[in-house]
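Before any comments, here is the structure.
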Amino acid sequence: MIKFSENRDSLLNLSVTVNSIEQLDELIAYYSEDKPGPAYLKACYLGGGIEFQLDRMFMLEALANQRRMLVDYLAGIGIDYEG
């Protein structure tokens, strides 16, 4: 059983984490399609942002790693996302 007192912040932000995984799944599906060219990205920061390109395979690996990190985070508080 998950103790609320020990995982309060994680549980209160659970929807944000699950939404992030779902968005990553959409991006992984999109970039997994065999399309020519790189992945086009935009990095935003205070005061502006830049657009740039990444190799599609590099992008897929980064997305998969980020997804794995979030799934592992959930597992650490006792939630089996994949189950």
Side-chain angles (χ1 to χ4, degrees):
M1 175 146 324
I2 300 170
K3 289 188 178 184
F4 185 79
S5 61
E6 293 177 4
N7 297 290
R8 184 180 190 281
D9 292 338
S10 296
L11 292 171
L12 290 174
N13 292 309
L14 184 59
S15 64
V16 173
T17 304
V18 170
N19 186 50
S20 294
I21 293 171
E22 290 172 349
Q23 289 177 339
L24 288 167
D25 286 342
E26 289 179 29
L27 287 169
I28 289 168
Y30 178 80
Y31 286 114
S32 293
E33 294 176 14
D34 189 20
K35 298 177 185 174
Y40 295 91
L41 303 167
K42 183 172 185 176
C44 300
Y45 50 88
L46 294 176
I50 58 169
E51 293 185 17
F52 60 99
Q53 300 174 4
L54 284 178
D55 177 78
R56 184 174 299 277
M57 296 312 293
F58 179 83
M59 181 66 173
L60 273 172
E61 184 178 339
L63 293 168
N65 287 338
Q66 182 66 23
R67 184 187 190 283
R68 190 170 20 265
M69 183 190 77
L70 292 174
V71 169
D72 289 348
Y73 168 76
L74 290 176
I77 61 169
I79 298 173
D80 180 7
Y81 183 83
E82 305 290 4

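- Remark: L14 CG to I77 CD1 distance equals 6.5 Å, nearest 0.5 Å.
- Other residues, nucleotides and ligands place no more than 12 heavy atoms under 6.0 Å from the CZ atom of F58.
- Within the model, atoms SG of C44 and CD of E51 stand 8.5 Å from one another, a figure rounded to the nearest 0.5 Å.
- The salt bridge (charged side-chain N to carboxylate O under 4.0 Å, His left out) check on R56 picks up nothing, with sequence neighbours excluded.
- No single ILVMFWY cluster, assembled from side-chain heavy atoms under 4.5 Å apart, contains both Y40 and L60.
- By the side chain to side chain donor-acceptor pair (under 3.5 Å) test, Y30 pairs with K35, sequence neighbours left out.
- Looking at N19, its side chain never comes within 3.5 Å of a backbone N or O of S15 through a donor-acceptor pair.
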| request: Walk me through it: do N65 and R68 pass the test side-chain contact (heavy atoms from CB on, under 4.5 Å)? | output: CA-CA 5 Å; N65 287 338; R68 190 170 20 265; 2.5 Å; yes
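- You'll find the side chain of Q66 stays beyond 4.5 Å of the side chain of L63, heavy atoms only.
- When all heavy atoms of V71 and I21 are compared, the closest pair comes out as CG2-CD1, 4.0 Å.
- A distance of 13.0 Å separates CD1 in I28 from CD in E33, rounded to the nearest 0.5 Å.
- Annotation: the span from E61 atom CD to M59 atom CE amounts to 12.0 Å, rounded to 0.5 Å.
- Here the CG atom belonging to N7 is positioned 10.5 Å from the CG atom belonging to L12, to the nearest 0.5 angstrom.
- Note that CD of E6 and CG of L11 are 10.5 Å apart. Values are rounded to the nearest 0.5 Å.
- One hydrophobic cluster, built from ILVMFWY side chains closer than 4.5 Å, holds both L41 and I50.
- Linking Ile, Leu, Val, Met, Phe, Trp and Tyr whenever their side-chain heavy atoms come within less than 4.5 Å leaves V16 and L24 in two separate clusters.
- Across every non-hydrogen atom of L70 and S20, the tightest pair is CD1-CB, 3.7 Å.
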